Protein chains: 2
Amino acid sequence: MGSGRLTVREIARLAGVSVATVSRVSNGTGQVSEETRRRVLRAIEEHGYRPHHLGRALAARRHGAVGLVFPGLSGPYFSELIQGFESEAVKSRTSVHILCTHLRADSDAEVIEMAHRVDGLAVLGGTVSPDTIEELAAMLPVVVLAGDGPAGVPAVRVDNAAAAAALTRHLLADHGLRRLEFVGDPSGSPDVTERWAGFRQAHRELSLPLPRAPIRVGLQQPDGVYAAEQVLRRLIPPQGVVCANDETALGMLVGVSGNGLRVPEDLVVTGFDDITMAALVTPPLTTVRQPVRELAARTARLLLQVAAGDAGRADSGLVFPTELVIRGSCGCPTGTDSTSTTGRRRT
Amino acid sequence: MGSGRLTVREIARLAGVSVATVSRVSNGTGQVSEETRRRVLRAIEEHGYRPHHLGRALAARRHGAVGLVFPGLSGPYFSELIQGFESEAVKSRTSVHILCTHLRADSDAEVIEMAHRVDGLAVLGGTVSPDTIEELAAMLPVVVLAGDGPAGVPAVRVDNAAAAAALTRHLLADHGLRRLEFVGDPSGSPDVTERWAGFRQAHRELSLPLPRAPIRVGLQQPDGVYAAEQVLRRLIPPQGVVCANDETALGMLVGVSGNGLRVPEDLVVTGFDDITMAALVTPPLTTVRQPVRELAARTARLLLQVAAGDAGRADSGLVFPTELVIRGSCGCPTGTDSTSTTGRRRT
DNA sequence: TTGAAAGCGCTACCAG
DNA sequence: CTGGTAGCGCTTTCAA
């Protein structure tokens, strides 16, 4: 029958006890004699009573929910992220609110609105202005996911710069390439900012001239196709392109072969993220694997922990390791994937 | 400063009015003299007061939230779905709870748990048992998304069967193919069930022998690669495969070309959904476009509407049109996409 | 071990 | 137009 028809009071009356006792029983708190407990339990079962969430939340001053704020791009990356986060939250009987800010002008206000409905907030790096993050952090536990927050706000991330540098070094040193370009917009997200930084860093380390400005495009496949046109139109095309993520790299592959050129013979292409498709295309994509799901799961756990008061040494944040995944698109012989780990795990 | 430090009572005292008046002002309900209103508003602004969500929700007996339950597969499909749903909900200042049931044994219990925290629930077809859906529908507004619910539960969907039949007819009649196979598990989701039904239906309509049993695989790219191996191993391989979605079709493409065969010359391949990648691969994928985002958005709107009491003629549900997208992978000459619409829109 | 009662923060009804 | 007040459903002291 009806949802919240039954209240504690009803059950209390039915079981011949006080509401306090019913509460104690249904929460497992306090001392209740075995017999009373059994009686209450029976009344609860019999009538299918479930404590009303709002009543409980208001009295306990806990929402029993956490929020996840992300820009709302499509693709496998965000699905993984959401699932990793959710799977961890549900273990703590905490529900997950989501908010996509993408293309919404007043998103910061919406995030603040959401902050009033949850016990903690995970924000994807670059989604919300630093000022707003600080404002949020002052009112509830906040963790930045895949990015950096202001001082004092813990962040869970991978070392994108180191990974991008390792990847670039592979092209520069192992393959002897000299003319590389970066595809992606460093101002679009912290991930890309760092990858671009790592790309340049590798050039610097090898005392090579710094690369030209990045081809600023979005993170989706069509953006990669578009970038391919840009690249192939040059008088002196690059020998390789380091793409900000796998999806642009996949688009690049399409655009390049659409122009009758071959990868890696005519142009080397690399990606970032190691989405499923990366291993399946021809040639298979050399890329960087990052544990997106674990990243998100760890973020959720950290958030729940802080929200629960275990303020441990959480402030520091976490850096997850990445793996360089060498496949065919960089010019390496295609065979079993070869991988090497970059970055350490700081707890 | 603190989050909910301030209460109505404080503001009432500060503004020299009663809590009732503060409530009226902050909700825009009831009549308040311009002067009083101004005074209250000033107190609110000055102290940055925001009504506590839980207090309000408990008193109003509304959670101000809706839930979205989905299996939790990866890929572009779910990202689109989530975003479409969320974008609509946020317009009504309603927050979105998500729950992924994938691989979780006690998911039905979790769904019911969630039902106690929201004003309405959207459930992806095939995610929750029909019995549980009925149970849920008895306690709050429920809409089934991409599937069919029990009688009385509105559903928002596309006519998968008609679309799959149209696609299959194209292969059978226009291309004169005779040996087709279906790739996908009809028992996996309502979408696939219907597509499989449409596939057979087309054969029946043309008085052709019914196709053999489907190749039962999942909906991800690697599943398609695996299916390709199955298909190519046959003594008499099929002339074409109709895949349950684009991702398996993409995997099929990879698996086929990995075996040195060509699409569509040696094997025709079609997909379903028209994800971005479908247009970008070689050959571009012939598929069916379904308006996933609109589907989800409409679901949210319907749900909010029912939850708000506008029980209109919502019971019926909605069927969105699909579009057959003819590209190269079916053997048609590659060029500008050619599309034709299937299904009508029922309001 | 149990119950009475005081809220949690807000809305809404009913007088005035 | 405004204020007092009775809850919304539950938790949690404080006594008994």
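Both backbone and side-chain heavy atoms feed into the values below; hydrogens, waters and symmetry mates do not. Please read these numbers as outputs of a predicted model, since none were measured by experiment. Within every chain, numbering begins at 1; the chains are lettered A, B, ... in the order of the sequence lines, protein sequences first and strands thereafter.
Regarding Leu54(A), its CG atom lies at a distance of 15 Å from the P atom of dG9(C), rounded to whole Å. At whole-Å resolution of the value, CZ in Arg38(B) and P in dT2(D) are 13 Å apart. Rounded to a whole Å, the NE2 atom of His116(A) is 14 Å from the C1' atom of dG9(C). The distance between atom CZ of Arg61(B) and atom P of dC13(C), rounded to the nearest whole Å, is 11 Å. If you measure from atom CD1 of Ile44(B) to atom P of dG9(C), you get 16 Å, rounded to the nearest angstrom. Arg9(B) places its CZ atom 11 Å from the P atom of dT11(C), with the value rounded to the nearest Å. Following rounding to the nearest Å, Leu58(B) (CG) and dG7(D) (C1') show an atom-to-atom distance of 9 Å. The separation between Arg24(B) atom CZ and dA12(C) atom P is 11 Å, rounded to whole Å.
Put simply, Arg56(A) has a side-chain N or O that comes within less than 4.0 Å of OP1 or OP2 on dT11(D). Applying the 4.0 Å criterion to OP1 and OP2 of dT2(D), one finds that Ser18(B) has every side-chain N and O outside that range. At the phosphate of dT12(D), neither OP1 nor OP2 sits under 4.0 Å from any side-chain N or O atom of Ser23(A). The side chain of Ser26(B) places no N or O atom within less than 4.0 Å of a non-bridging phosphate oxygen (OP1 or OP2) of dC10(C). Side-chain nitrogen and oxygen atoms of Asn27(B) include at least one within less than 4.0 Å of the OP1 or OP2 phosphate oxygen of dT11(C). At the phosphate of dG9(C), neither OP1 nor OP2 sits under 4.0 Å from any side-chain N or O atom of Thr7(B).
The residues Arg93(B) and Glu110(A) are annotated as not salt-bridged, no charged nitrogen and carboxylate oxygen being separated by less than 4.0 angstrom. Between Arg157(B) and Glu194(B) there is a salt bridge, since at least one side-chain N of the basic residue sits less than 4.0 Å from a carboxylate O of the acidic one. Salt-bridge annotation for Arg298(B) and Glu88(B): absent, with no side-chain N of the basic residue lying under 4.0 Å from a carboxylate O of the acidic one.
Of the candidates dG9(D), dA12(C), dA5(C), the closest approach to any side-chain atom of Ala20(B) belongs to dA12(C). Proximity note for Val19(B) (side chain, C-beta onward) versus dT5(D), dG9(D), dT2(D): the nearest is dT5(D). Each of dT2(C), dG9(C), dC1(D) was ranked by its minimum atom distance to the side chain of Gln31(B); first place goes to dC1(D).
Val17(A) comes within 4.0 angstrom of sugar-phosphate atoms only, judged by non-hydrogen atoms across all strands, and of no base. Nucleic acid contact class of Val8(B) (heavy atoms, under 4.0 Å, all strands): base.
Note on ring orientation: taking the six-membered ring where Trp is involved, the planes of His97(B) and His97(A) are tilted (angle from 30° to 60°).
Of the two residues contacting DNA chain D, namely Glu34(B) and Ala60(B), the nearest-nucleotide position lying further toward the 5' end is that of Glu34(B).
Nearest approach of Cys100(B) to Gly72(B), heavy atoms of both residues: CB-CA, 4.2 Å.
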